[in-house]
Amino acid sequence: MIERTPKLDLFCHLLLIAGVIAVCLPLYYALIAATHTLPDVLQVPMPLTPGKELLVNLKAAMERGDLGRQLLNSLIVSVGVTIGKIAVSILSAFAITYFRFPFRMTAFWLIFATLMLPIEVRIVPTYAVAAHPLQGLGWLLDETGLRGPLESLTGWNVEAVVKWNLLDSYAGLILPLMASATATFLFRQLFLTIPEELLEAAKIDGASPMRFLIDVLWPMSRTNVVALTVILFVFGWNQYLWPLLITTEASMTTAVIGLSKQISAAPEAVPKWNTLMASALLITLPPVMVVIVLQRWFVKGLVDSEK
């Protein structure tokens with residue numbers, strides 16, 4: 001028997017409507033601002049009906065601040081972070097679940113403990129490693145006396161190799177963000193639910209560990225992979241602090257950083273809010289499209305699993 005509670009239902013619906021309004025109102029405001037001229041946007045109150053300048057503002061947004069290159073950079077970083085996180089996480093979860101090696105659970109709990117350490121906490125040592133990844137190599141070669149023989153034997157300029165860094169590069173934008181304790185934990189929990197009989201059958205058939213991972217575990221992880229793809233793509237796209245620190249060249253700026261710089265480019269002048277809102281819409285579009293396209297798989301990956 002289902003109990004009817006009209007008052008509670010009404011309250012829940014009103015709460016949901018209020019939540020939808022709170023989420024959608026800023027997007028609606030940005031959309032309306034992107035369809036008007038700057039004088040219209042600066043009016044108090046601003047018009048709340050669509051204007052006729054959307055295409056003009058979108059064209060100006062693409063031409064201002066090299067937004068096209070910034071969107072490409074954000075896309076490369078987001079795809080790289082997504083693929084890297086999933087690859088590292090599924091391999092680490094596979095090793096922790098199916099291999100028996102010393103301190104296996106210690107390694108897992110150390111990985112899990114990093115959930116309490118967001119990137120803002122470890123940003124300084126991470127930047128130091130990215131800026132000088134081979135700093136200890138020069139000291140080691142000098143202490144062992146191998147610098148001269150190595151340079152004469154290989155023809156390398158060891159000093160140039162030591163000064164190599166990850167600043168202003170896609171590797172610097174992607175590699176420090178590739179580890180994911182959350183994805184590792186989710187894949188491990190999934191692997192723990194897979195019957196042992198499948199592993200025994202794979203061993204009898206002579207399948208190698210990687211063949212077992214590719215032919216058995218990977219197909220059973222597809223919904224989880226798609227769900228994580230949505231989450232990780234949005235995570236990579238919205239990164240602000242790390243790209244702000246690791247990049248100094250305009251050609252490597254991501255879209256979120258580019259939009260922030262456009263707002264603060266001329267503090268003494270009135271920002272062109274209509275163009276900025278058009279830029280914000282363009283920057284918001286890729287993650288929204290990913291969520292819309294993968295929505296069904298995303299929900300299925302969160303509430304169900306292919307066993």
Side-chain angles (χ1 to χ4, degrees), residues 13-82 168 170 173 230-295 298:
H13 281 82
L14 292 177
L15 190 62
L16 289 173
I17 292 172
V20 170
I21 292 174
V23 172
C24 295
L25 186 59
L27 295 176
Y28 179 77
Y29 186 88
L31 177 61
I32 294 301
T35 62
H36 288 279
T37 62
L38 182 59
D40 292 336
V41 174
L42 296 179
Q43 288 182 13
V44 180
M46 189 190 79
L48 296 180
T49 56
K52 301 179 180 180
E53 300 295 323
L54 179 60
L55 295 179
V56 176
N57 291 334
L58 290 175
K59 181 180 179 180
M62 290 298 297
E63 295 174 350
R64 182 183 181 186
D66 198 13
L67 183 59
R69 177 56 187 264
Q70 294 168 4
L71 290 172
L72 177 62
N73 291 340
S74 291
L75 181 63
I76 293 174
V77 171
S78 301
V79 173
V81 168
T82 302
D168 291 310
Y170 291 121
L173 286 166
V230 175
I231 297 173
L232 297 177
F233 184 89
V234 175
F235 166 82
W237 187 272
N238 291 335
Q239 280 297 305
Y240 179 81
L241 180 58
W242 181 245
L244 180 64
L245 292 177
I246 201 70
T247 59
T248 56
E249 296 180 0
S251 60
M252 296 302 301
T253 302
T254 59
V256 176
I257 302 300
L259 180 62
S260 175
K261 289 182 178 180
Q262 287 185 36
I263 296 176
S264 59
E268 70 283 352
V270 177
K272 296 182 179 179
W273 291 112
N274 56 333
T275 305
L276 290 173
M277 292 300 104
S279 300
L281 291 177
L282 291 173
I283 294 172
T284 306
L285 188 60
V288 170
M289 293 301 299
V290 170
V291 172
I292 292 175
V293 172
L294 301 178
Q295 180 183 11
F298 174 68

CG of Leu259 to CD1 of Ile283, rounded to nearest 0.5 Å, is 4.5 Å
Are Ile257 and Thr247 close enough, and set up right, to give a side-chain contact (heavy atoms from CB on, under 4.5 Å), and what steps lead you there? CA-CA 10 Å; Ile257 302 300; Thr247 59; 5.5 Å; no
Less than 4.5 Å apart, side chain to side chain, heavy atoms only: is that true for Leu71 and Trp237? yes
Is the backbone N or O of Ala33 less than 3.5 Å from a side-chain atom of Asn274, with the two atoms forming a donor-acceptor pair by type? no
Rounded to the nearest 0.5 Å, the CZ atom of Arg69 sits from the OG atom of Ser74 at a distance of 11.0 Å
Does some side-chain heavy atom of Leu173 sit less than 4.5 Å from a side-chain heavy atom of Met252? yes
To the nearest 0.5 angstrom, please state how far the CG atom of Asn57 sits from the NZ atom of Lys52. 14.5 Å
Is there a side-chain contact between Val41 and His36, using heavy atoms and a 4.5 Å cut-off? yes
Do Met62 and Leu282 have side-chain heavy atoms sitting under 4.5 Å apart? yes
Heavy-atom side-chain contact between Thr254 and Trp242 under 4.5 Å: no
Could you report the tightest heavy-atom contact between Gly236 and Ser78, atom names first, then the distance? C-OG, 3.5 Å
Excluding sequence neighbours, so at least two apart, what forms side-chain hydrogen bond (donor to acceptor under 3.5 Å, both in side chains) with Thr37? Asp40
Check for a donor-acceptor pair, side chain of Thr35 on one end and backbone N or O of Glu53 on the other, with a separation under 3.5 Å. no
Starting at CD1 of Ile32, measure out to CG of Leu27 and round the result to the nearest 0.5 Å. 11.5 Å
Give, for atom CG of Leu67 and atom OG1 of Thr275, the distance between the pair rounded to the nearest 0.5 Å. 11.0 Å
Distance-minimising heavy-atom pair for Leu281 and Ala30: CD1-O, 4.2 Å
Using modelled atom types and a 3.5 Å cut-off, is there a donor and acceptor pairing between side-chain atoms of Tyr29 and backbone atoms of Leu48? no
Between atom OG1 of Thr82 and atom CZ of Phe233, what is the distance when rounded to the nearest 0.5 Å? 6.5 Å
